[in-house]
There are 2 protein chains.
Amino acid sequence: MPVAATSLDVRSASRLFKALGDETRLRIVALLSHGELCVCHFESALGLTQSNTSRQLGVLKNAGVVEARRDGSWVYYRLAPQMEEVCKAQLEALVAAFAKRDALGEDVERLLKSLGPNACK
Amino acid sequence: MPVAATSLDVRSASRLFKALGDETRLRIVALLSHGELCVCHFESALGLTQSNTSRQLGVLKNAGVVEARRDGSWVYYRLAPQMEEVCKAQLEALVAAFAKRDALGEDVERLLKSLGPNACK
DNA sequence: TGACGACATCACAATATTCAAATATCGTGT
DNA sequence: ACACGATATTTGAATATTGTGATGTCGTCA
């Protein structure tokens with residue numbers, strides 16, 4: 001039974017939305033809806049500074065939207081599974097929308113280009 | 001040239017998320033997922049000042065999340081139909097989640113109480 | 001018309017967010 | 001151990017967002 005005036009759902013959902021409420025971060029999520037990527041990919045695909053890329057990823061990670069995995073020198077990010085029901089449904093809907101019709105156009109093209117033969121090298 | 005990297009979808013979706021990325025505003029949306037309400041309802045159900053209520057509703061309205069209708073002295077708010085595909089899917093999923101399992105607990109109870117026999121009187 | 005209630009907006013201080021450049025950290029190869 | 005590349009964090013200044021109280025606007029009813 002919910003006790004506080006604000007239920008957990010609303011609290012965590014607003015947290016999620018706040019993280020997604022930034023164009024750059026949403027573009028990151030959109031790219032991630034196609035699969036795991038490492039930091040350098042976001043830098044080149046989105047044309048961000050290294051510092052900014054890292055920080056936005058940090059915000060998303062803090063909000064539980066993404067999770068990181070280290071592989072050698074590189075850190076790979078992927079969408080994190082959501083525990084809260086509302087968050088889960090929202091992220092799933094978002095990913096589905098992004099995966100279906102490519103909402104990213106040039107971002108994805110740049111990404112694929114940079115993913116060429118040997119990415120991250 | 002300006003890499004116009006961001007598609008319309010991403011831009012409008014981040015706008016939506018930004019508006020939803022606040023606990024108070026999300027509680028408003030949650031209440032609205034049950035139907036149309038007038039300003040005084042939010043005030044009492046959420047325990048907000050009149051000024052704050054009005055401003056948060058203004059933010060939501062500005063973001064295209066809600067729309068207003070005047071009826072005599074009162075102004076009624078309801079969720080606005082979304083044009084962009086992504087926004088539409090997201091808001092629908094959110095409303096469905098809120099409508100199903102009451103994510104609001106006390107907010108709704110307070111609301112129903114204040115909605116008694118003759119609301120807004 | 002004037003008074004009142006509902007709602008919107010303004011003004012202000014507090015707090016938070018933004019970005020880029022500089023700096024720090026961590027893993028890898030030498 | 002050292003140097004280097006990849007990523008993270010800190011810094012600081014500009015900007016945005018927040019909530020509150022005061023004020024403005026609009027509609028209603030007498």
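A note on names: the letters A, B, ... follow the listed sequences, proteins ahead of strands, and every chain is numbered from 1. Side chains are part of it too, since the values below use all heavy atoms of this structure and drop only hydrogens, waters and symmetry mates.
With sequence neighbours excluded, no residue satisfies side-chain contact (heavy atoms from CB on, under 4.5 Å) with B:A89. Take B:N52 and apply the side chain to side chain donor-acceptor pair (under 3.5 Å) test, not counting sequence neighbours, and it matches B:Q56. Every side-chain contact (heavy atoms from CB on, under 4.5 Å) that A:S54 has, sequence neighbours left out, goes to A:Q50. Applying the side chain to side chain donor-acceptor pair (under 3.5 Å) criterion to B:R69, with sequence neighbours excluded, gives B:E36.
Put simply, CG on A:D22 is 11 Å from C1' on C:dC19, counting in whole angstrom units. When the P atom of C:dT17 is taken as reference, atom CZ of A:F17 falls 18 Å away, rounded to whole Å. Between the CD atom of B:E23 and the P atom of C:dA16 there is a distance of 14 Å, given to the nearest Å.
The side chain of A:W74 sits closest to D:dA6 out of C:dC7, D:dA6, C:dT18. Closest approach to the A:K18 side chain among C:dC7, C:dA20, C:dA16 is made by C:dA16 (side chain taken as heavy atoms from C-beta onward). Nearest nucleotide to the side chain of A:N52, out of D:dA8, C:dA6, C:dC19: C:dC19.
Contacts between residues 53-66 of chain A and DNA chain C, defined by a heavy-atom separation below 4.0 Å, involve A:R55, A:Q56, listed by number.
For A:Y77, a side-chain nitrogen or oxygen approaches OP1 or OP2 of D:dA8 to under 4.0 Å.
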Please table the atom pairs, donor to acceptor, closer than 3.5 Å between any side-chain atom in residues 90-97 of chain B and protein atoms at least two apart or in another chain.
unit_1 : atom_1 : unit_2 : atom_2 : d
B:Q90  : OE1    : A:L94  : N      : 3.0
B:Q90  : NE2    : A:Q90  : O      : 3.4

Quick tally for nucleotides 22-30 of chain C: nucleotides whose base has a protein heavy atom under 4.0 Å get B, sugar-phosphate-only ones S, the rest -, giving -----SS--
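Pairs of residues two or more places apart, or lying in two chains, never qualify as salt bridge (Lys or Arg N to Asp or Glu O under 4.0 Å) while including a residue from residues 56-65 of chain A.
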